[in-house]
**Student:** 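Quick one: the structure is below, and I'll ask about it shortly.
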Amino acid sequence: MATRFELVLAGDGPRARAGGEAALDAIRETEQRLSAFRRDSLTARVNAGAGTAVRVDDEFLELLQLCARVHAATRGAFDPGVGALMENWGFRGPHAGGAARAGFERVLVDEAAHTVRIPAGMQLDFGAVGKGWALDRAAEALRAAGVASALLHGGTSSVLALGAPPGAEAWKVRIRGGPDVALRDAALGVSAPHGRTAERDGRRHGHVLDPRRAAPVQGMALAACTATSAALADAWSTALLVLGAVPPAAPLTWTLLVPDPAHV
Amino acid sequence: MSEPDRRDFLVATTGGAFAFAPLLQPWPPRAADPAKLAVVGVGRQGRAILGELAKFAQAQVVAVCDVNEGRMRAGQRRAKDAEGFTSLSELLAKRADVQAVIVSTSTHQHKVAALEAMSAGKHVYCEAPLCHSVADCKELARAARGAKTRFAVGLQARSNPVYKLARSFARAGSLDRVVALRAAWNQKTSWQVGTEADMNWRLDAAVSTGLPGEVASHQVDVVNWFLNQTPRAVRGSGAVRLWEDGRTIPDSVELDLDYPDGPPLRFQASLCSSYEGQYELFRGSQSTIRMAETFGWMFKEADAPTQGWEVYASKERFHNDEGITLIADATKLAAQGKLKEGIGLPNPPLYYALEDFLKCVLEDKPPAASAEDGLRAAVIGIQAHAAVTSGKEQALSEDLFRLE
């Protein structure tokens, strides 16, 4: 993921250390399983097998199911089938050009056979949900190790709070240029198009693509939301940036949308 | 020269260097009923095993077992259709359809689980090190020798395509004279696990074989396998250099293993620093081979004969040295113009070890690492740990490996 993960744990020495190591192991393992950039990842395996049914394990199927739910609820604004598009736009090295489209609804999951089939030409990229998914796995490891109070983040854009800090009601997280968010057994996702950019047609483009238009997101400077899991918060914050509005049925406890002043 | 010509040239001139059996052939060649498997012990290693097994259409995990119910449930997330058990006896009694059992419990519990599975007529894949004592290793290896079923040991390098390729170079004389052997394993981690004492067996002096047993035994096996030799004596030292939490098992060790022919193997491992990670290094007078899990490199001396293929091979710089990347199945990849894509393996080493085991179960192939290979590696690790804790040289006489 090329992302820095940090954990703040409240607890006694060896137990907190053991929990922290198990959590980091879980994050590392998730990266190994999901990264589209690693040849030995499950994602790479599914991508290499585009057009055929590829065997995956149940945890991977769970992730696909979560993605399918968010994809449907956002009418395609969240779409992990965006990998080939990202390549075309040059967010994965020199831009490849050519036609590619996302469309996670075209991904076929066979739960009984434990297989997934993506259409030829599509590439999965869990960049918009992987950090959150990894944090959820890390939180499971912490809970199993008896750690009840912790704050975890991946790349400062995905944050997960376990319990509250000793003597306080909730973990407080400040969004740069925005409000403080109180988190207790909840997760925060923040998405913004700044950061990684690519140049095309003489213009610089932010790294979040609108999968429906196959073009970079415009008009929004930042979107943030809180949810019950880090994977949901991560996926939904990306979708909100694309949508520029909150759909009525979004399973979110709090949202923030900041338009891009250049586009107002 | 045009691209296709180059490729033709490459394929035509690689006979000497690359004409080893293709190592990454798709398997199985024909459709077969999947092997029905049970995984016993689904901690971190067991979960990794379940993740890799899920990639095989020829493997169906029908049961998982762990004495810890929480861990057992976590294991089921990687194999939802599998029935969960907290007792192996119950599993074996209830699931007669299980053909093979994968043992990934703590090391000192391997023997009981593996013997029970064998008595029930199951094929067994047992994680390495085989056991935590010489007596247990021998008892298990003896039982495996007498069993009608297959018994494989998780010495993964023996199934690893890059290691197999590198070994073929070493065996064919690419190193020329072996002048030094090094191996290391470094990872900054406390080895503390969870909240329950039974999970911290690696820090329990009564059953742990420490870094020499849990780590060095795998890497010494690589050296033994590359050289076709077994060390005759081991000296060691170690200490708790960082994790002063009351443990007595050293967090850092150094070992010297003497081989009958050639230089000793110097091994170093630490839980205090991650620098350099894991590697095995064979320093030869014409080339040096460095292996690191899914990667391998050859560093050639200026006066070593050119073998043709290396002109086109991928190279990587390490400060002043240039390593030629060793690529499994290079001839085929070169023919497809995909040599660069072959750098590193498409799967973790564990995948190839399990693939070999599935061939044992479904095609009655011999294991990549037998119980006797497992015995040898584990006993060396056990004796090395004894050398560290006693400060005294330990002999590695053939008696230690012999099954009466």
**Student:** Provide the closest heavy-atom pair for A:Arg55 versus B:Phe56 in the form atom of the first, atom of the second, distance.
**Tutor:** NH2-O, 3.0 Å
**Student:** Report yes if some heavy atom in the side chain of A:Asp40 is under 4.5 Å from a heavy atom in the side chain of B:Pro348; otherwise report no.
**Tutor:** yes
**Student:** Given a strict heavy-atom distance threshold of 4.5 Å, which part of A:Glu59 is in contact with chain B: side chain, backbone, both, or neither?
**Tutor:** both
**Student:** So does A:Asp25 pair up with B:Arg44, basic N to acidic O under 4.0 Å?
**Tutor:** yes
**Student:** Give the member of A:Val147, A:Asp58, A:Val54 that has the highest number of heavy-atom pairs under 4.5 Å with chain B.
**Tutor:** A:Asp58
**Student:** Does any heavy atom of chain B fall under 4.5 Å from the side chain of A:Arg137, the backbone, both, or neither of them?
**Tutor:** side chain
**Student:** With a 4.5 angstrom heavy-atom cut-off, could you sort out which part of A:Arg38 is near chain B: side chain, backbone, both or neither?
**Tutor:** neither
**Student:** Select one option (side chain, backbone, both, neither) describing which atoms of B:Trp191 are under 4.5 Å from chain A's heavy atoms.
**Tutor:** backbone
**Student:** Can you tell me how far apart OG1 (B:Thr294) and CZ (A:Arg39) are? Round to the nearest 0.5 Å.
**Tutor:** 9.5 Å
**Student:** Measuring heavy-atom distances to chain B, does A:Leu42 have an atom under 4.5 Å in its side chain, in its backbone, in both, or in neither?
**Tutor:** side chain
**Student:** State plainly whether the residues A:Asp57 and B:Arg78 are in salt-bridge range, i.e. N to O under 4.0 Å.
**Tutor:** yes
**Student:** Between A:Glu140 and chain B, with a heavy-atom cut-off of 4.5 Å, which part of the residue counts as in contact: side chain, backbone, both or neither?
**Tutor:** side chain
**Student:** Report which part of B:Ala59 has an atom under 4.5 Å of a heavy atom belonging to chain A: side chain, backbone, both, or neither.
**Tutor:** backbone
**Student:** I'd like to know which of A:Gln32, A:Arg33, A:Glu29 tops the heavy-atom pair count under 4.5 Å against chain B.
**Tutor:** A:Arg33
**Student:** Does any N or O in the side chain of A:Glu21 come within less than 3.5 Å of the main-chain N or O of B:Ser190, such that one atom is a donor and the other an acceptor?
**Tutor:** yes
